[in-house]
Every structure is written in C-alpha cells, then in structure tokens.
Amino acid sequence: MAATGDPDKQSSVGEYRDFDSVTDVMGGFGRYQKLVIFLVMIPAIFPNGFFNYNVVFMAATPDVYGCVLPIENFTVHDLALFAPLERRNGELVPSRCRMYELNYTSETRAHLLEIINRSSVALTTIPCTDGWVYNREVYQSTVVTEWDLVCDRESYASLSFSTSTFGGLFGPFLWAFSADRFGRKQAFFCMLGFQLIFGIATAFAPSLIWFYVFRFCVGMCTSFIYTVGLLMCIELTGKKTRALMSVICSVGYTCSVFAVLGIAYAVRTWRGLALASSTPLLFIFVLWKFFPESPRWLLAHKHYDRLEDYVKKVARINGKTLSPKFVADLPEILSQIDDAEFAEKTSLLDLFRTPNLRKKALLLSFVNFCNVGIFSGLNLYAPAFGANPHFNTLLANLVELPPYVFARFICDKAGRRLSLFYPMFLCSAFCLSTVAVSASAATTILALSLCAKFCITLTFLVAELYEDEIFPTVVRGQGHSFTNAVSNLAGVSVPFVVSLGSTFTILPLVIFGCLCTIAAAAALFLPETVRFN
C-alpha cells in the first residue's frame, strides 16, 4: 500500500512555509531521489574529476632528465657519466640544466669520460645547447617533454596547471547567470558540451599557447559542473540531507579520479590521454532525458504547472499518496512559498554590511583558501614525488575516503570549530615534521604527506558544512560565491609552490604546514554552530 503523508500537514496552506515542507510530503529522499542521484547526478560530476586530474599526468615532468649531448647513441642513462654534478636536496646528483663546455663532436666517448673524470681543475659548464633528453619509462610524452618546459622554462610547466584554475575564476560568473536564467539542466549540458569541445581540442593543440587557451576554456566549467551537481542533489532532497549529499558527491568525485587514474595508467602519451579522458564523457548526454530540472528553479521562475507535475511524479515514484485537498491547494501553496522565499533580494555587499557577518565571511574565506590550496597542492605533490606517480596518486585519493565516512559524526560530537581546528593543526604538524626527515627518505615523506591529505580532506568537508550553517539563508548563495572565488586564487598559485619541490623536496610541504597553522588559529575565532539553529 502506498504511504500517505500526515493528513494535518496536507490540510492547511499556511502549514507550508518553504519548499522543504512540500518535499517532506512527496518524500525527501525516497526511491525517486536515490535513482536520480546515483544513476544521473553522480555520473554528471565525473567531468570535474576527469578534467581536474588528467592535466596532472599530461603536464608531468619526468623524474630524470638532462642536456642532450652530441655523442653517438646518447641516452638518458648516460647523464650519470657525462653530466656535471650539482647539489639537490643535499645530495650531489647529475645536473638537469647544465653541461660541460667540451668539443663533443671531435672526441671519442672514452676520451670524453677521461677528460671529465681526470681533470684536475673544475671544468666550465654552460646551459644546455641542444635540448634535453628525458626518462620515458613512465611517460612516453608530456607537455613538458614536447615543448621542453624545464630549467629556465620550468614556470611554463606550472602555468599548464594554473591556466585551468584561471578559467575557474571567470567561468562561474557566466555559468551561474546561465543556470539562473535558463535553468540548471540547460546550463549543465551547455557546460558539458563546451568543456568536451575544448577537452578534445587539447589533444590537437599545435603549440603551447593553444594548449593554455584550451585548458583555460576547460577550466571555465570544471568547478561549476561539480557545484551544479551538488546543488541539484541538495535541491532534490532538501536541507535535512545537505551533509549527506555533500558526502555522496565527494565520494563520486573521488571515484571519477580513480577512473581517470586508470586511463592515465593505460595511456602514457599526453595527447592520447587528453582524448581518452574526454571522449568517454560523451555518454553523459544520454542522461538528458533523465536529468531533472531543479524544483527550486521552477519555483523561483514561477513555472508552477511544471512544478505541480514534478511533485505528483515524485510522490508517485516514492509511494506517497497526496490528499485531494493538497493537490487542489498546490498552486496556492507554491505561489505562497515563492513569495516568501524569493521576495528578498540580496547582493554580495550584504556580506560586509555588519561587523559580525563581515568577520565570519573573511575568516571562512581564508580557511577555505587554505583548504583548497593545501588540498590541491597535496594532489599535485604526490604524483610529482618519486618514480611511481600513478601509485602515489592512488594512495593520495584512497586516504580521502575515510574522512567522508565519519566527518559528520566527528562534527556532531566535537563541534564544528574543534573539528576544523584539530585536523588543521595535525595537517600542519605532519607537513612541518618533514623538516626532520632526510630528503632521501622518500617513503617517510610520502607517508607524512598522505597523513596531511587525510586531515585536510576532513577540514574540507567540515568547512563546507560550516558555510551552510554560518551564512544566513538570504545571503548563503553570495557567501558560497565569495568563498569560492577567494579559494580559487589558491588554486592558481599552488602549482608554482609545488614546483619548488624540484629543488628542495620538502619545501612545498613546509609552506603548506605554515599556511595550515595560521588557518587553524583563524578557525578558533569562528562561532560554534553545532547546537544552534
């Protein structure tokens, strides 16, 4: 027998003060929502993980490289014999950027080795003159190896990561307007099409400049595709499941990273990877028929007829019986909720009109800046560290899963503020403790960075929940937009911080640790919200 909502709840128009009360009647997290979320919305956020992570391998720098020398049958393994030594991470290793100034074409290999090994005076070194040779055991080709983005061009490699984040600074304004004007569904599929066009075009980039342009366009959509997916999940289920939806979407994102990691492991050329990580996402267009429009967008734009059909459809699939009076009063109920929820207009400036709200907005923005910066930085650090980037990336993403499971439990038991402070403090401790570890202890450094990743993932989830509870309903959207814009600035600078590890392995972790210490202190000035509405 079909379940029936509370008769009293379905008897009076005045009982329905917001759309969540209507959602309770038709079923907030019933069969319909579960089918849509797990079969439609989770696959819909896969582009976020694919396009965030494929560049990690497309623009990777091989662990061993050095100057090409005009010696017969010269390979990367000959660098240990012919390259001058330089100090890196406290050890003498073959130079990546300099070569001995010798007449390589007129001397035999044996005589060159004799000159290098028996010279009583320091030989003159010069920058590479004929390009670089790379270890291709892990990557057959990358953006770095194709356009020699090493040594004095190393910053161009970091820019390969940052260009998509630059796009993320501007794209959300366009897509947010589109989502508000034309609906979540149309905006999402426009974004997906736009992103796939430029994602596929990346594989055919004729020059580095065009690679940057295509990645900028891809980045315009990457973060907002996830945002639309999360918002749709929340708007389909209501406020009561907000934390659960955040966890489900986060797990979906991590699963998408595992998928693109498998593709990257199988495809070792950057152009092949760009194509292989873009074309599978075309299947998402099949979901158009099943992708619902946001009920709250329908309400805000006064599409009452479509919204009535939606309510009846969801109630039927969820096994809920709507009373005849509720059905008859539904147009009036929706009109009343529309007037109540969307009558007050707000702007970004409202976040700064009162000292209390201004302080909260600035503190949350800084905490999120650190969260995004450190989280993204550790994502880039793991594959760039050591000779097994795919395995390191797998570990870095596996440690994300446990925090998803118990983040809400910790928040409810310890409170929001301490759940933010302690993991941040521990993340700082793990990062800074690498100072006491030898640069040659690769396993220990990786383990400490993974522990830091575990902690920062937890604070990432807590901060999302904190935002929803601290910002008043009328400015919650503006609050999210402001903190997201500030945190994206961290994403732009992080690749340049991670690149410092090529000279001194632990330096990026030390910077992350110092930043996390400041953020942990800032979190103590936020109000506790766990026992307050």
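All values reported here derive from a predicted model rather than from experimental measurement.
- Considering CG of Leu69 and CZ of Arg109, their distance stands at 9.5 Å, rounded to 0.5 Å.
- In this structure, the separation between CG on Leu401 and OG1 on Thr457 is 9.0 Å, given to the nearest 0.5 Å.
- Side-chain contact between Tyr253 and Leu230: absent, with no pair of heavy atoms (C-beta onward) separated by less than 4.5 Å.
- Here the two rings, on Tyr139 and Trp270, have centers that are 6.0 Å apart or farther.
- Proximity of a side-chain donor or acceptor of Thr434 to a complementary backbone N or O of Val437 within less than 3.5 Å is not detected.
- Across Pro70 and Tyr104, no two heavy atoms sit closer than the pair CG-CB, 3.5 Å.
- How far SG of Cys221 is from CG of Leu192: 8.5 Å, rounded to the nearest 0.5 Å.
- The 12-atom threshold is exceeded at CZ of Phe74, counting heavy atoms of other residues, nucleotides or ligands nearer than 6.0 Å.
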Could you go through Ser256 and Ile45, starting from their C-alpha distance and side-chain angles, then the distance that decides it, and tell me whether this counts as side chain to side chain contact (heavy atoms under 4.5 Å, CB included)? CA-CA 8 Å; Ser256 72; Ile45 64 176; over 6 Å; no
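- Side chains of Val510 and Phe504 form no contact here, defined as non-hydrogen atoms less than 4.5 Å apart.
- Of the possible donor and acceptor atoms, none in the side chain of Thr145 sits under 3.5 Å from a partner among the backbone N and O of Ser141.
- To the nearest 0.5 Å, atoms CD (Glu86) and CG (Leu92) are separated by 9.5 Å.
- In this structure, Leu112 CG and Asn103 CG are separated by 8.5 Å, a value rounded to the nearest 0.5 Å.
- Counting heavy atoms of neighbouring residues, nucleotides and ligands inside a 6.0 Å radius, atom CZ of Phe258 exceeds 12 of them.
- Ser95 contributes no side-chain N or O that, together with a main-chain N or O of Ala83, makes up a donor-acceptor pair within less than 3.5 Å.
- A side-chain N or O of Asn397 and one of Tyr53 form a donor-acceptor pair less than 3.5 Å apart.
- Taking 4.5 Å as the limit, some side-chain heavy atom of Leu169 sits within range of a side-chain heavy atom of Leu489.
- Remark: the Tyr404 side chain and the Thr254 side chain contain an N/O donor-acceptor pair separated by less than 3.5 Å.
- Under 4.0 Å is where a charged nitrogen must lie from a carboxylate oxygen, and between Lys453 and Glu400 at least one such pair does.
- Relative ring orientation between Phe170 and Phe216 is described as tilted, the plane-to-plane angle lying within the 30° to 60° band.
- The main-chain N or O of Leu275 is never found under 3.5 Å from a side-chain atom of Ser278 such that the two would form a donor-acceptor pair.
- Ring-plane geometry between Trp147 and Phe211 is classed as tilted, the angle between the planes lying from 30 to 60 degrees on a 0 to 90 degree scale.
- In this structure, Asn379 and Val56 have side chains that are not in contact, with every pair of non-hydrogen atoms separated by 4.5 Å or more.
- Put simply, the side chain of Ser449 does not reach to within 4.5 Å of the side chain of Phe454, judged on heavy atoms.
- At a cut-off of 3.5 Å, with distance as the only test, a side-chain donor of Gln195 or Thr222 sits close to an acceptor on the other residue.
- In this structure, the side chains of Asn135 and Tyr65 stay at 4.5 Å or more apart for every pair of heavy atoms.
- The local environment of CZ in Phe194 is crowded, with over 12 non-hydrogen atoms from other residues, nucleotides or ligands closer than 6.0 Å.
- Residue Ile511 forms a side chain to side chain contact (heavy atoms under 4.5 Å, CB included) with just one option from Val498, Ile374, Val497, Ile506, and that option is Val497.
- Of all heavy-atom pairs spanning Arg96 and Cys128, the tightest one is O-SG, 4.1 Å.
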Would you please test Phe366 and Ile518 for side chain to side chain contact (heavy atoms under 4.5 Å, CB included) and show each step? CA-CA 9 Å; Phe366 178 69; Ile518 301 171; 3.6 Å; yes
For Trp132 and Leu79, run side chain to side chain contact (heavy atoms under 4.5 Å, CB included): C-alpha distance rounded to whole Å, both residues' side-chain angles, the deciding distance at 0.1 Å, then the answer. CA-CA 11 Å; Trp132 287 260; Leu79 290 173; over 6 Å; no
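- For the pair Glu137 and Val76, the minimum side-chain heavy-atom distance is 4.5 Å or more.
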Between Cys516 and Cys431, does the disulfide (SG to SG under 2.5 Å) criterion hold? Intermediate values first, please. CA-CA 9 Å; Cys516 212; Cys431 288; over 6 Å; no
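- Judged purely by atom type and a 3.5 angstrom limit, Glu528 uses its side chain to pair as donor or acceptor with the backbone of Arg417.
- Of all the heavy atoms in Phe46 and Ala259, the pair that sits closest is CE2-CB, 4.4 Å.
- Considering only heavy atoms from C-beta on, Val372 stays 4.5 Å or farther from Val494 through its side chain.
- Here the CZ-OG1 distance, from Phe57 to Thr269, works out to 14.0 Å after rounding to the nearest 0.5 Å.
- Shown here for Phe50 and Ser277, the closest heavy-atom pair between the two residues is CD2-O, 3.1 Å.
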For the pair Phe352 and Phe482, evaluate side chain to side chain contact (heavy atoms under 4.5 Å, CB included) and give the outcome as yes or no after the intermediate values. CA-CA 11 Å; Phe352 303 95; Phe482 178 71; 3.6 Å; yes
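- What you find for Ala59 and Phe161 is that their closest heavy atoms are O-CZ, 3.7 Å.
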Please evaluate residues Glu146 and Arg271 with respect to the criterion salt bridge (charged side-chain N to carboxylate O under 4.0 Å, His left out), reporting the C-alpha separation (whole Å), side-chain torsions for both, the decisive distance (0.1 Å), and the verdict. CA-CA 10 Å; Glu146 180 159 334; Arg271 292 184 186 274; 2.7 Å; yes
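- The SG atoms of Cys427 and Cys455 are placed at least 2.5 angstrom from each other.
- Between the side chain of Ser428 and the backbone N or O of Gly513, at least one donor-acceptor pair lies under 3.5 Å.
- Surrounding CZ of Phe425 are at most 12 heavy atoms belonging to other residues, nucleotides or ligands under 6.0 Å away.
- Ring-centre distance between Phe375 and Phe460: below the 6.0 Å cut-off.
- Arg416 places no side-chain N or O within 3.5 Å of a backbone atom of Val462 that could act as its donor or acceptor partner.
- Taking the centre and axis of the six-membered ring of Tyr100, the NZ or CZ atom of Arg98 falls outside the cone set by 45° and 6.0 Å.
- The SG atoms of Cys151 and Cys97 lie less than 2.5 Å from each other.
- Nearest approach of Leu461 to Pro403, heavy atoms of both residues: CD1-O, 3.8 Å.
- If you check the side chains of Asn371 and Thr459, you find a donor sitting under 3.5 Å from an acceptor.
- Side-chain contact, Tyr134 with Asp148: a donor N or O sits under 3.5 Å from an acceptor N or O.
- In terms of modelled atom types and a separation under 3.5 Å, the side chain of Thr163 and the main chain of Ser160 share a donor-acceptor contact.
- Residue pairs meeting the side-chain hydrogen bond (donor to acceptor under 3.5 Å, both in side chains) criterion with at least one partner in residues 204-220, sequence neighbours excluded, are Asn54-Arg215.
- Under the 3.5 Å distance criterion, the side-chain polar atoms of Ser162 are left unmatched by any main-chain donor or acceptor of Leu159.
- Within a 6.0 Å sphere centred on OH of Tyr156, other residues, nucleotides and ligands contribute 12 heavy atoms or fewer.
- Under the 3.5 Å distance criterion, the side-chain polar atoms of Thr483 are left unmatched by any main-chain donor or acceptor of Ser365.
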